[in-house]
Amino acid sequence: MAEATDKQPHLYLVDGSSYIFRAYHQLPPLTNRHGTPAGAVYGYTAMLWKLAASLEQEDGPSHLAVILDASSNTHRNQMYDQYKANRPPPPEDLVSQFPLIRVATRAFSIPCIEEEGLEADDIIACYAKAASAKGWRTTIVSSDKDLMQLIDDQVDMLDTMKDRRIGRPEVIEKFGVGPERVGDVLALMGDKVDNVPGIPGIGPKTASQLINDFGDLETVLASTDRITKPKLKQSLIDHAADARLSRQLVELVCEHPLPEPLDDLRLKGIPPEPLREFLEDQGFKTLLARMVGGTSATRNVPVQSLRNDVKPSSAAPVPSGTGRGEVERITVDRTLYQTVTTLDALDAWIAEARNQGFVALDTETDCIDCIVAKLAGISLATQPNKACYIPVGHSGADMFSAAPDQLAKADVLARLKPLLEDPAVLKIGHNLKYDLVMFAKVGIAVAPYDDTMLLSFNLDAGLGSHGMDELAKLHFEHECIAFKSVCGTGQKQITFDKVPLDAATEYAAEDADITLRLWQRLKPRVAAEHVAQVYEMVDRPLSATVARMEQRGVKVDRGYLSKLSGTFADEIAKLEAQVHEAAGGPFTIGSPQQLGQVLFERLGLKGGRKGKSGSYSTDVNELERLAGEGVDVARLVLDWRQLTKLKTTYTDALQAQINPDTGRVHTSYGLAMAQTGRLSSTDPNLQNIPIRTELGRQIRDAFVAEPGHVLMSADYSQIELRLAAHMADVPQLKEAFRAKEDIHSMTAEELFGSVDRDTRNRAKTVNFAILYGISSWGLAGRLGISREEGKAIIDRYFERFPGISSYINDTLAFAREQGFTRTLFGRKTHFPNIRSPQMNLRQGSERAAINAPIQGTSADLIKRAMNRIDAALSKAGLPDVRMLLQVHDELVFEVPKGQEERAAEVVRAVMSGAAEPAITLDVPLDVEVGWGEHWGAAH
DNA sequence: GACGTCACG
DNA sequence: GACGTACGTGACGTCT
């Protein structure tokens, strides 16, 4: 191939100084052959390699240079002596790598440009301007936001770590303004790291809003009379000079003569020497191997081999075979959908469903809450594009319009019941739990069934959510009709039973149509990807189990809650007065911002700023610290916080959630929400009712049984640690569980050689840390010790329980290889970021991947128990014992008085044996059971 | 709607 | 140049 003479020259400018900082933080602390730190240099070298490799590519460089900061003393320091004054010195093991950057660049025979008195940003600006003047394109390799000012039609940026191009649209996305106004926005918001002052109280959002409203900085400063918010206005007036200074500091200088002429930056190819020598010297074996293996017949550059195997790892974080597969183009023709208004038409649909043995269905209602919802209509689909809607509960748009022609609800349900209960016809739904409740309310027990939401959850957990609209887009690139486009939104929103039948048919029939297509696409993957066990034995049957629990609800004592609300309100009022008194004036205690100002400015307490908003942290740790130092107001605020939390989230909200028809609270369980396979609970969340403090615990007493009944609670003891002992195969832990020893004391003995309250507590913390994917830093923070001490404890843990470290290593190796983890029952959880080049993303995924098999197996077990419990109770002659709630490792039942002992034994047996017969655990699953008049007394 | 905070396992 | 220090959730109040 000829050299790139015929194409437009394309200059790449590498912001070397900023690159090496990022590389340092994102790569592990590697050392080179000489034992000196070289992680950042390696990252830098790999980046240059990648760039050089794209020489011949469409968008690759024809000219390339690396730009470095020559000195810290620049014209900006003369302008403002505080410029970059806050910046901490770089870490030592990074400083030692700075000179190597120049060596590495020379090894590539790439020009390395630096200029006394100019920052790299300014040099880049000069070159970009000069290149544009000659009609060249320029790509700035950096992610520095200051440089985004330079972007235009000819200039873009490239973030090689995220493998992302940044052009005008990306700038607008980030700043809300085009590149030409970025300088004004930066001047308003300032920059902590460079110590550019900006205007206090103005962050990115406000800054871009102001510039958009007024045009530029000077106009903003001149228009303060038009600004309505008093604080903002005053701040702008007070700090106008700071803003002008900031504007100058962020301005890039592009009038300087070029240190080297543009044409000298041409990239012709990389001579093998001295690159090979450099790679050998540093011991960068991977790159060296590529260089040798990729010898090209046509030229002496490593280009050919690079293109094939140096894929940017960030671009393909998900290993092959774990994605959701290719998009299948479909054509949805909504004109083919039918509105069924005659019994003959209905019978024809039922006959077709019977004939082929499966049918997709969906119900439409007048409300999202399936417990109170009334049926509006039912849609069916038998083939792609062959779907119908059967309205049964539609009314006119208002009280003056007549209801549309439709079949009688009772007739339709009478015809559908045999079909929906026919064991020879598979019913397919999406989030079928909702429909199961709707049909159960009219005496129809839908079976057998498949659920496409659960199919997607079991196949692709971790890769996205599992709503139908999203799945249609993902698998078919099809946009479903939006609910709000049919029913409107906000004040004007109407309920589905008011929607005209033609629009209702298009919307509802499409849902059944898409459900059918999703089923056709997803179902074959169940066997192929080995999730049949978890789907068939855990999640699919759980739909019906949970539907029953939701329908039952739990009785809540409104009078008791109301009284509690009153008591809390009095306490809150008292505390509020005391806090205001101590603060020297009223303010909104619930506003972290105002509270921070009161504590750390008005009262002058010492405390650090935290968070990117620049506001003070006032969380429980910070306030506990102050309270411990004898700051009474901190204790008062903590008490106020606890009481308002209890009142608003529990005593008030729970009363409002009592269903007027049943007098009970019916939560909704999310079956496909938590990535690990746990359930979640919403409207209200009954999985986070207080228990840890005495005050909060009173809320539990509001959960009561019907007269003549008690509430019974059964919970797995230490289930996650038991599973860890089994899965990691740790003999001492397994033995301790078999012998019913106290596991935290036993750990304390192993770790610290003695057992007292302190060592036991610390051992308990360590045990949890293991489950959550440990880091020495995190453990140190929790235990209030140094990182080194934290690391020593972890090392000792691994040494005493070697199974744990091999479990972690094996789990991570598997996850990196496959992109997902599995529970003992085969449940998959995907981790698309497990190989991300971004350290924080990657490490977060690693911790989650260590935890997921354990948390997920625990979820599998309790779900299996739940699926079996109703039948086991009936078989034991206890059909009136009703399972009501699940709280991850706990089940709550309503039990007729006199049946407690027998119910306890049945429940205990089912829960303890939940792994069998699929799995035999090496540890017993102990279950603790208690009961009483209310939930609080059942523990 | 984002953020901070806090309730649970 | 920033982020975030343990995993998984959901709800509320404030502020923009």
Side-chain angles (χ1 to χ4, degrees), chain A residues 15 17-19 21-22 24-26 87 142-146 159 161 191-194 203 205-206 209 229 232 588-596 610-613 615-623 638 641-642 644-650 652-654 657 667-668 670 673-693 696 699-700 715-716 719-720 765-766 768-782 787 790 829 838-841 843-856 858-859 862 886-890:
Chain A
D15 182 3
S17 305
S18 93
Y19 189 90
F21 272 91
R22 293 184 70 199
Y24 174 78
H25 288 289
Q26 296 193 6
R87 197 177 273 197
S142 175
S143 58
D144 187 333
K145 58 184 187 321
D146 294 335
D159 180 345
M161 285 199 181
D191 184 331
K192 265 214 171 56
V193 177
D194 286 351
K205 290 278 152 56
T206 315
Q209 184 70 47
K229 293 179 185 168
L232 177 59
T588 310
I589 307 175
S591 162
Q593 192 199 12
Q594 291 186 35
L595 178 64
K610 230 168 78 172
K612 56 179 171 243
S613 55
S615 51
Y616 299 102
S617 168
T618 66
D619 67 10
V620 64
N621 296 321
E622 195 69 8
L623 293 181
L638 281 169
R641 280 230 181 113
Q642 188 189 14
T644 51
K645 177 82 175 178
L646 292 175
K647 181 168 186 293
T648 58
T649 309
Y650 299 107
D652 291 350
L654 225 38
Q657 291 277 357
T667 185
S668 174
M673 300 299 293
Q675 320 269 304
T676 51
R678 275 190 176 180
L679 298 185
S680 74
S681 163
T682 54
D683 307 304
N685 182 355
L686 295 184
Q687 291 181 322
N688 71 346
I689 302 301
I691 191 168
R692 291 175 187 171
T693 69
I699 311 277
R700 295 221 161 199
D715 68 279
Y716 281 115
I719 187 164
E720 293 195 5
T765 299
V766 178
F768 277 105
I770 297 294
L771 296 179
Y772 295 153
I774 200 152
S775 82
S776 53
W777 200 307
L779 183 66
R782 289 273 162 152
R787 228 192 75 177
T829 303
Q838 286 187 72
M839 184 181 59
N840 50 359
L841 277 184
Q843 292 183 338
S845 293
E846 287 173 354
R847 293 192 296 268
I850 292 166
N851 179 251
I854 299 168
Q855 191 182 110
S858 163
I862 196 164
Q886 189 251 41
V887 194
H888 308 308
D889 63 358
E890 173 188 11

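The figures that follow rest on heavy atoms only: side chains count, while hydrogens, waters and symmetry mates do not. It should be emphasised that the depicted structure is a prediction, and the values quoted were computed from it without experimental measurement. Proteins get letters first, then strands, A, B, ... in listed order; numbering begins at 1 in each.
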Open item on the list: Quick check for you: among B/dC8, C/dG1, C/dA6, whose closest atom lies nearest to any side-chain atom of A/Arg782?
Closed with: C/dA6

Task: Listed nucleotide nearest any side-chain atom of A/Arg847, set B/dT5, B/dA7, C/dA6 - done: C/dA6

Open item on the list: When you compare the side chains of A/Ser775 and A/Gln843, does any donor N or O come within less than 3.5 Å of an acceptor on the partner?
Closed with: no

TODO: Measure from the side-chain heavy atoms of A/Ile691 and tell me the nearest of C/dG13, B/dG9, B/dG4.
DONE: B/dG9

Open item on the list: Under 4.0 Å, heavy atoms only, any strand: does A/Leu646 hit a base, just the sugar-phosphate, or nothing?
Closed with: nothing

- [ ] With the side chain of A/Leu779 defined as its heavy atoms from C-beta on, choose the nearest nucleotide among B/dA7, C/dC7, C/dA6.
- [x] C/dA6

Open item on the list: With a 4.5 Å cut-off on side-chain heavy atoms, are A/Ser858 and A/Tyr716 touching?
Closed with: no

Task: Interatomic distance at P, C/dT5 relative to C/dG1, whole Å - done: 23 Å

Open item on the list: What contact category does A/Ser681 fall into here, base, sugar-phosphate, or nothing, at under 4.0 angstrom with non-hydrogen atoms?
Closed with: sugar-phosphate

Open item on the list: Of the listed nucleotides (C/dA6, C/dG10, C/dC12), which one gets closest to any side-chain atom of A/Thr648?
Closed with: C/dC12

Open item on the list: Please identify which of these residues, A/Ile854, A/Asp889, A/Ile770, meets the side-chain contact (heavy atoms from CB on, under 4.5 Å) condition with A/Glu720.
Closed with: A/Ile854

Open item on the list: Using a 4.0 Å heavy-atom cut-off, does A/Ser143 contact any base of the nucleic acid, only the sugar-phosphate backbone, or nothing at all?
Closed with: nothing

Open item on the list: By the 4.0 Å heavy-atom rule, please label A/Gln594 as base, sugar-phosphate, or nothing.
Closed with: sugar-phosphate

Task: Euclidean distance for C1', B/dA2 against C/dA6 (whole angstrom) - done: 24 Å

TODO: Using whole Å, report how far CD1 of A/Ile850 lies from C1' of C/dG8.
DONE: 15 Å

TODO: With the side chain counted from C-beta on, respond yes when A/Leu654 and A/Leu686 share a heavy-atom pair under 4.5 Å apart, and no when they do not.
DONE: yes

Task: Side chain of A/Asn685 - closest among C/dG10, C/dG8, B/dC8 - done: C/dG10

Open item on the list: Does A/Asp715 reach a base, just sugar-phosphate, or nothing at all? Heavy atoms under 4.0 Å.
Closed with: nothing

TODO: Would you indicate which nucleotide in C/dT5, B/dA7, C/dG8 comes nearest to any side-chain atom of A/Ala848?
DONE: C/dG8

Open item on the list: Using a heavy-atom cut-off of 4.0 Å across all strands, would you classify A/Gln843 as base, sugar-phosphate, or nothing?
Closed with: nothing

- [ ] Indicate, with a heavy-atom threshold strictly under 4.0 Å, whether A/Thr765 touches base, sugar-phosphate, or nothing.
- [x] base

TODO: For the residue pair A/Gln687 and A/Leu679, establish whether any side-chain heavy-atom pair is separated by less than 4.5 Å.
DONE: yes

TODO: Could you check which of C/dA6, B/dC6, B/dA7 has an atom nearest any side-chain atom of A/Asn688?
DONE: B/dA7

- [ ] Describe the nucleic acid contact of A/Gly781 in one word from base, sugar-phosphate, nothing, applying a heavy-atom distance below 4.0 Å.
- [x] nothing

Open item on the list: What's A/Arg692 touching, base or sugar-phosphate or nothing? Going by heavy atoms closer than 4.0 Å.
Closed with: base

- [ ] Remember a base hit wins even if backbone is also touched, and classify A/Ala653 as base, sugar-phosphate or nothing at under 4.0 Å, heavy atoms.
- [x] sugar-phosphate

- [ ] Report the distance from atom CG of A/Leu623 to atom P of B/dG4, rounded to the nearest whole Å.
- [x] 15 Å

Task: Contact under 4.0 Å: A/Thr649 side-chain N or O vs B/dA7 OP1/OP2 - done: no

TODO: Choose from B/dC6, B/dC8, C/dT14 the nucleotide whose nearest atom is closest to any side-chain atom of A/Arg641.
DONE: B/dC6

Open item on the list: What's A/Leu771 touching, base or sugar-phosphate or nothing? Going by heavy atoms closer than 4.0 Å.
Closed with: nothing

Open item on the list: Considering every strand and a 4.0 Å limit on heavy-atom distances, what is the contact class for A/Ser591: base, sugar-phosphate, or nothing?
Closed with: sugar-phosphate

